[in-house]
Structures are given as structure tokens and as C-alpha cells.
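Comments concern the structure below.
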Amino acid sequence: MLKVYNTLTRSQEEFKTIEPHKVRMYVCGPTVYDHAHIGHGRTYIVYDCILRYLTYKGYEVKYVRNITDIDDKIIKRANDEGVVFSEISETYTASYNEDMANLGLLPPAVSPQATTTIKGIIQFIETLIQKGHAYASDGDVYFSIPACKEYGKLSRRRTEDLKVGARVFPGEKKKDPLDFALWKKAKPEEPSWDSPWGKGRPGWHIECSAMAKEHLGESIDIHAGGQDLIFPHHENEIAQSEAANEAQFATYWFHNGFVNINKEKMSKSLGNMVNLKKLLSKFHAEAIKFYMLSFHYRSPIDFSDGAMEEAARGLDRMYRVLLSVPPSPEKVEPEGSFRERFEEAMDDDFNSAKAMGVLFEMVKEINRLQRKKETLAQAGAMKDLFVELGGVLGLFQANPEEYFKNRPAEGDLDATKVEQLIAERAEARREKNFDRADQIRDELTAMNVVVEDSPEGTSWRIKG
RNA sequence: GGCGACGUACCCAAGUGGUAAGGGAGCGGUCUGCAAAACCGCCAUUCGCCAGUUCGACCCUGGCCGUCGCCUCCA
């Protein structure tokens, strides 16, 4: 039985969908004003894993992950660079999509953009005004917090507490300091769309409510995102959606932990941002996934190069199994309770760290079984299960040979040259000229190539 | 100030009211021309500190110390 932690109730609950065997899942995507960093990477890796596990469990999942392509930060960046806002949003949307693909994440069923949902957003706002939850004010439209009794139920904040720090700034047209903008009147030179309130653009929170409704309906099973979105973003989404639809917005709210650098939050001002593309150039995509999934998704991660390298070594150990064990000739469920234990871990609020422990135990068992001819078939059967379960975490999607040879390495490696040296070394070894053989190995080591001899011959890989 | 999270071996990291998964590193061994990989063995009497509840707590309660996050844009 799958149990999940729900931020809304702050407790673990049995997972029950609105419609049997179907899951409607919405994940807040990025605001595309810069390249994605590893924090984005973690978030989308985590929900990719959850998507895969739900699918493994037999659910038909409709996964929606939006792109916020109109926002203050985008406009600011466009102004700084003297280009139109769409140039910024298009550039970084493409960059983001490229990163997601390179990470090997399953594409969402729909990846809606704010700028193509304007009609739905306007309708949504009109509904809120009609129902008395929003008001127009000189070209802006605000959501009215005093009219919203349950406001604060997700973040567990009381409106009285929030008011202490909030105030209305000059130029704002709010009735209450906590009211937030649904529609923002366009300033001169700003990108804008026509609306019943004049030219303007949508506020950040309303777009997610509108996109979720358009693609998944009024009530959804899972709404997820980084834990920083709990307040105000998700709190506001709940307020809008439940006021407009008069139905529960999302049953389960998942929030993943942050990626910190040296125990500090990544931020531009601290200059400690770790760019996802840069990381992908240094490590195999699956090593990054492996690293992220070796933590519980709700825990913070203190990222370090050392830990990342360690993860890469761990994944190497797993891939070595894929390389060395022949596939089972027929599909048989191997002995042992590995599948059960893997599911038990994942059923426990997607405990991928625990599930990876099971995977490592399988590595040891497979290696044991493959040492003897009489148990080689069993090793193959277990390897098949190993690959299947690893696949649920998004791992083992690469060809093992290529994994070891095409991995990111310092500089370019001339594979032909390597093969040539290996052949030469094999010849030297045949002639028992071990001095020459070791000399060649040293040469290869200098090229970051590890040579391994076995009864079947010599293989090589790039040192991880 | 309000809300919240965390503190487990050298490092990373799961975890449970009944006595600590897994990985990395290290050490010893098997194998190997040498190595690598793999396998076998060793590696926390102890889970920030103190008190309480309990037959029994690392896991429950309270206090303290430390680290961090949200409350303004943020995955």
C-alpha cells in the first residue's frame, strides 16, 4: 500500500486517487529567465521518479509541468539586455527543455505556458470577480484575502500573523495588505494582453490555477513543487482555485527539499549557483539522478563535488553488473524478496534512498551468483529484475558499453588510439613482455583509461 | 517576532518503542604476470546534550545547544 506525506495535512496518508487507477499530477515548472540549476534538476528528477513509480504501480498518470514564460524577472532580464521579453523566455525555455531531455526525464503529457493560457486565465479571474473573491482596481485585479476563510491552511499561517509584516506600498491599489495580484496593469513598454480590465499581464499564481484546471480539471490528485513554493505560491493557488471552482483543488501536496551548497542556500548573491548544464558536462546524467535519489526527496541536500563523485562511483558499480552479466534467456522472477523490499521502500513515501539500498544488495547477490556457472542463469534473471527496478528510478537507460566509454571526460578521447594501445598491450602480454604491457597501461592511465583483464579478454573504460 | 526542518560511524545516508539498511573511503584476505573488477572478513555497544515517560528510547515528551529554511522573488 502506497503511503505519501501530504503537506496539507502534515502527515502520511494512504494514497487514494479521485478516479480509480488514474492520477492527475501537476508540477510547478520553472520561470524561464535563466539557465536551470541543480535545484531545478533535483525537483524534476524527484517528480520524474514519482511519476515512474506511480506508473509502475499501474496508475495511468497525466503529468502536467508548466512553464512560466511571463513574469517580472523575465521582463527585468529582457530590459537589462535590451531585448524583447519573448527572446529571454524562448531562449531559456529551450535551454530548460534541453536539460530535461539530457537528464533523461520522461516528458510531461502537457507542458503549458502562461502566455498561451491567457484566455483561460482571464476567464478564471472573471469567475473570481463574479463570485466576490476578487476586485478590479485601476487596471489591476486583486484576490481578496478577507473573503477567504481557509487562507493559510497549507502553509499553516494565520492571516493575523501575516499582516504584521505586510503593508501596502504607495502606488498599490489593494484593499487589504494581504491581497495579491491576479492581473497586473501594463506599464509603458511592458508586454501586455488585452483584457476586460485593460492591457496587462497575469500574476504568477493565477497561471498555475488556470493551467491545472484547463489540462487536469477542477480537482487533481497531486500538486507538487519545491518547498519554497508552499507560501505564497501554493497557498494562493488553493485560495484561487477553491474559491472559483468550489471544490477541493488538490488531494495531495508534495514538496521536495532544497539543494544547498556548503549548507547555504544557492543564490545569485552568494555566487554559489551550480548550473545544470555544467554539471551535465562533468557527470553522466544518471549519476546526477543517482545522487539526487540517494536522499529522501523531502530532505535538504548539501551538494558537494566529493559526494557527487562518490555517487558516480556507486553508479559505476551498478553498471558493471549490467556489463558483465548476460541477460536471462527467459523471463523468470528471481528468488529472494528484492522486488517486495524495493516496493516496500517506495511505498513508504517514495523512499528512493532505501530503495537504492535494496538495489545495492542485489548487485552483491548478482555478482555472487555469476561467479559460478551453475548459478549464472539465476544471476541473469536477477539482473533483469535489477534493470527493471532501476528503471523505476530512471536509471540504467544507457547502453552499459557506452556508459563507460562515452562518459564525460576531461578533453577528448581518441577511442581508436585506445583500442590500438590495447591491442599492442595484448600482443606484449602474449609474448610475456610484461614490462612493455605495464608501460602501455601507464600510458592509458595517463589518458584516464582503466584497463581490465579477464579470461574473456581485455576491456577498458574511462575512469569515473 | 511567527511558522517549519534538521543534528546517526572518517565521509554520504536510510531507519525503528526491543537494541543501528546501504554506499564510499580504509584495513586484512581470495583471485590476478602485475593491476582492475568481483567475492570473503573487519570497520557506530552507539544515534547533538540533559531530564522525563516506559520493563525497555536513537526512535515518545520537555528543556538546552547547534545548523538551516520560509514569512519578499525563488525548484
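Just so we're clear, the structure is a prediction, and the values are computed from it rather than from any experiment. Numbered from 1 within each chain, the chains take letters A, B, ... in sequence-line order.
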With rounding to the closest Å, how many angstrom separate the [atom1] atoms on [N] and [M]?
{"N": "B:G24", "M": "B:A75", "atom1": "P", "value": "35 Å"}
{"N": "B:C27", "M": "B:A9", "atom1": "C1'", "value": "15 Å"}
{"N": "B:A25", "M": "B:C60", "atom1": "C1'", "value": "36 Å"}
{"N": "B:C49", "M": "B:C65", "atom1": "C1'", "value": "7 Å"}
{"N": "B:G2", "M": "B:C59", "atom1": "P", "value": "26 Å"}
{"N": "B:C58", "M": "B:G48", "atom1": "C1'", "value": "11 Å"}
{"N": "B:U46", "M": "B:A20", "atom1": "C1'", "value": "8 Å"}
{"N": "B:C43", "M": "B:G28", "atom1": "C1'", "value": "11 Å"}

Worked check of salt bridge (charged side-chain N to carboxylate O under 4.0 Å, His left out) between A:R368 and A:E365
CA-CA 5 Å; A:R368 258 185 220 135; A:E365 189 58 24; 2.8 Å; yes

Which nucleotide, [options], lies nearest any side-chain atom of [X]?
{"X": "A:R320", "options": "B:G4, B:A38, B:C40", "value": "B:A38"}
{"X": "A:E310", "options": "B:G24, B:G33, B:C3", "value": "B:G24"}
{"X": "A:E361", "options": "B:G22, B:A37, B:C3", "value": "B:G22"}
{"X": "A:N367", "options": "B:C3, B:G33, B:C39", "value": "B:C39"}
{"X": "A:H296", "options": "B:G69, B:G24, B:A14", "value": "B:A14"}
{"X": "A:R425", "options": "B:G22, B:C12, B:G33", "value": "B:G33"}
{"X": "A:D453", "options": "B:C73, B:A35, B:A36", "value": "B:A35"}
{"X": "A:F231", "options": "B:A38, B:C71, B:G33", "value": "B:C71"}
{"X": "A:R461", "options": "B:A14, B:A75, B:A36", "value": "B:A36"}
{"X": "A:K364", "options": "B:A14, B:C40, B:A25", "value": "B:C40"}

Measure distances between side-chain N and O atoms of [X] and base N and O atoms of [N], and say whether any donor-acceptor pair falls under 3.5 Å.
{"X": "A:D438", "N": "B:G33", "answer": "yes"}
{"X": "A:R158", "N": "B:C3", "answer": "no"}
{"X": "A:H37", "N": "B:A75", "answer": "yes"}
{"X": "A:D302", "N": "B:C68", "answer": "no"}
{"X": "A:R429", "N": "B:G33", "answer": "yes"}

A:D34 CG to B:A75 C1': how many Å, rounded?
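That distance rounds to 13 Å.
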
Protein-nucleotide distance (A:E340, atom CD; B:A21, atom C1'), rounded to Å
17 Å

Under 3.5 Å for both donor-acceptor distances, Watson-Crick or wobble: does [N] have a partner, and if so which one?
{"N": "B:A14", "value": "none"}
{"N": "B:A21", "value": "none"}
{"N": "B:A5", "value": "B:U67"}
{"N": "B:C39", "value": "B:G29"}
{"N": "B:U45", "value": "none"}
{"N": "B:U61", "value": "B:A51"}

With heavy atoms under 4.0 Å as the rule, sort [X] into base, sugar-phosphate or nothing.
{"X": "A:S324", "result": "nothing"}
{"X": "A:F258", "result": "base"}
{"X": "A:G226", "result": "sugar-phosphate"}
{"X": "A:V451", "result": "base"}

Could you check whether [Y] and [X], counting side-chain N and O atoms only, form a donor-acceptor pair closer than 3.5 Å?
{"X": "A:T375", "Y": "A:Q370", "answer": "no"}
{"X": "A:Y142", "Y": "A:D176", "answer": "no"}
{"X": "A:D48", "Y": "A:Y63", "answer": "no"}

Determine the interplanar angle of the A:Y297 and A:Y47 rings, folded into 0 to 90°, and report it as parallel if under 30°, tilted if 30 to 60°, perpendicular if over 60°.
perpendicular

Establish, for the pair A:R65 and A:Y26, whether the NZ or CZ atom is under 6.0 angstrom from the six-membered ring centre and no further than 45 degrees off its axis.
no

Cation-pi check, A:R317 onto A:F360 ring (under 6.0 Å, within 45° of axis)
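Checked: cation-pi criterion not met.
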
A:F360 ring over B:G23 six-membered base ring, under 5.5 Å and 30°:
no

